[in-house]
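What follows is one structure encoded as structure tokens, with my remarks underneath.
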Amino acid sequence: MRIAVVSGDGLPVSGLLTVLRNVVHLGREMGVVESPITADLGYSWRPDKPACYPRGLPDSRYPDFLRVRKDTPAASDGLAAELLALREEVAAPTGRGPDWRAALDARIEAVAEPYEAYFRDWFAEEDVDWVWALNMTLSDAVPVTLALHRAAAGRWGPGRRPGGVLFWDHDLFGSYAVREHGARVYPVAPGEVTPLPGGEPGHLWAVVSDDLAKEAAGYPTSAVPTVVPNVLPTIPEGGLDARHLAFLRGIGVPPERPVVVAPVRVFRVKGVEISLALLRAVREESARRGEPAPHLLVFGSMAEDPEYAAEVRVAAAELGVADAVTFLDGVPLESHRDAGGAWRLDEIDLLRVAAATGGGVFFTPNRTDVESVGLGPALAAVAGVPCAVTGFAALRAVYGDDHRLAVVGEGERGLAEAARDFVALTAGNRSGDGEVRAALARNRRQMARFFPEEPWRRLLERMTEPLDGRPVRAAVSAPEAEA
């Protein structure tokens, strides 16, 4: 099965892409996904991510299975302003009369036309069987989604070749209450000009949780999404390898110090400032108990939201933890040495460092209504380490009531209580405390139930069935990471 990926995220470092990596690896193990796959990560239509617009970060590096395109099909001097204006327009209240709709349609059409030609040519050149459209149902770029629908209809419509588009949504309108300058970015439901899955033949629709499926049931489309939970990475057991030790030396952290990771973007709703305040509380509690003070690694790119990133750096200084936190400024999909010879570790290696040093995970959204799943606790569980987490709305719906977590409550008292619980868990894990180890082992076992691979296996088989009989190219294996 030959796959193209179209991502609405507009970022080279994203949780969407790490989950994509996990699913691609599963498909390659099953022998149904061919490599390499080509991808457009949305750089050219997301000017709200100015550091990446229109071709991504210049030093981004991708694994061998992923060939990222950096085309600008509709490049023009006024395109960025128009894309932002259209995003705002389609999120505004609808039903404002035929003249408004006609003018809006004409503006959408002007952008959609070159993207339709781009998608059509790309899919033909790569002989694509299926397009995986990640978070393209959201209204970040309605003209591009419309173009994708049209190009797909021309390639996979009635009487044409098998295949189509898998719309794979990790977020939908009502449950993704991101705000910019105090205003909600997305409407609570799709508007009248928002293309939805189900409008063309060859559409499949997958969402990552039951709650998203319930939300989608109220959308004006006949399509019914399938719930396919995220596929989690496998974290190898064992101590620190040479690359891990070299990485720690490079950031000035001794291997005896516990490492805590915050696997989030430096984006306002992700609550990095809460992780910093929690770090201070955990370090104070560690000193009180005679435990080693942890060092925090924050995953996200500092260029995504420079205003917020500056606030985070100020907060680190004011909290007195600036020397105890490293902002990784983006985590690659695959570990590698950069141009200067320093190791850049991927999510799997960073979780392995946290596990080997007796650390943990912080996951602290500062809003309750922006996480449809929230993978921080899951990543901690598969790594076998404790997690401190704020109480976002989906937490217990996804992880249940008996998943052992250090939950951050309100105010300084909430931070102190979470710090005591987290330090007790990390200290117990390092010392081999039976009750703590049993709780973390139970967390890990629960992941097979909360994030089973079987729904993705069934979906991949479903996409492959119409293609039976066509020769399959051998998958390209990624080289082993250098030790």
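All residue numbers in this chain count up from 1 along the given sequence.
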Flag side-chain contact, heavy atom, 4.5 Å: [X] against [Y]:
X: Met30; Y: Met1; answer: no
X: Val436; Y: Leu440; answer: yes
X: Leu345; Y: Val331; answer: no
X: Leu351; Y: Asp349; answer: no
X: Leu279; Y: Pro294; answer: yes
X: Leu66; Y: Leu333; answer: yes

Testing the basics here: between Phe119 and Ala151, what is the closest heavy-atom pair and its distance to 0.1 Å?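 Shortest heavy-atom contact: CB-CB, 3.7 Å.
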Decide if the gap between the ring center of Phe327 and the ring center of Phe299 is smaller than 6.0 angstrom.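 No.
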Partners meeting ring pair (Phe, Tyr, Trp, His ring centres under 6.0 Å) with Trp168 (sequence neighbours left out):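 Partners of Trp168 under the ring pair (Phe, Tyr, Trp, His ring centres under 6.0 Å) test: His170, Trp456.
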Looking at residues at least two apart in the chain, or sitting in another chain, which of them share a side-chain contact (heavy atoms from CB on, under 4.5 Å) with [X]?
X: Pro292; answer: Pro258, Arg430
X: Ala388; answer: Leu278, Phe362, Ala406, Phe422
X: Pro452; answer: Pro229, Pro455
X: Pro332; answer: His336, Arg344

Can you list every pair that meets salt bridge (charged side-chain N to carboxylate O under 4.0 Å, His left out) and has a residue in residues 307-321, with sequence neighbours left out?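 Every pair satisfying salt bridge (charged side-chain N to carboxylate O under 4.0 Å, His left out) with a residue in residues 307-321: Arg268-Glu311.
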For [X], all residues meeting side chain to side chain donor-acceptor pair (under 3.5 Å), sequence neighbours excluded:
X: Tyr62; result: Tyr43
X: Glu453; result: Arg457
X: Asp9; result: Ser14

CZ/Arg437: more than 12 non-hydrogen atoms of other groups inside 6.0 Å: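 More than 12 heavy atoms, drawn from other residues, nucleotides or ligands, come within 6.0 Å of this atom.
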Considering residues, nucleotides and ligands other than Glu88, do more than 12 of their heavy atoms fall under 6.0 Å from its CD?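 No, the 6.0 Å shell around CD holds no more than 12 heavy atoms from other groups.
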Do [X] and [Y] sit within salt-bridge range, that is, some charged N less than 4.0 Å from a carboxylate O?
X: Arg413; Y: Glu417; answer: yes
X: Lys49; Y: Asp305; answer: no
X: Asp140; Y: Arg87; answer: yes
X: Glu347; Y: Arg21; answer: yes
X: Glu435; Y: Arg404; answer: yes
X: Arg420; Y: Glu285; answer: no

For the pair Ser35 and Arg28, evaluate side-chain hydrogen bond (donor to acceptor under 3.5 Å, both in side chains) and give the outcome as yes or no after the intermediate values. CA-CA 8 Å; Ser35 293; Arg28 291 168 66 186; 3.3 Å; yes
Test of understanding: with salt bridge (Lys or Arg N to Asp or Glu O under 4.0 Å), list the residues that count as partners of [X], not counting sequence neighbours.
X: Glu215; value: none
X: Glu461; value: none
X: Glu237; value: Arg444

So, Tyr308 versus Glu273: side-chain donor-acceptor pair below 3.5 Å or not?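 Their side chains do contain a donor-acceptor pair, which is all the 3.5 Å distance test asks for.
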Going by atom types alone, do Asp169 and Trp205 pair a side-chain donor with an acceptor below 3.5 Å?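 Note: Asp169 and Trp205 side chains meet the donor-acceptor criterion.
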Evaluate side-chain hydrogen bond (donor to acceptor under 3.5 Å, both in side chains) for Ser44 paired with Tyr115, printing each intermediate quantity in order. CA-CA 10 Å; Ser44 70; Tyr115 273 98; 2.6 Å; yes
Please determine whether side-chain hydrogen bond (donor to acceptor under 3.5 Å, both in side chains) holds for the pair Thr364 and Thr390, giving the CA-CA distance in whole Å, both sets of side-chain angles, and the decisive distance to 0.1 Å. CA-CA 5 Å; Thr364 57; Thr390 49; 5.4 Å; no
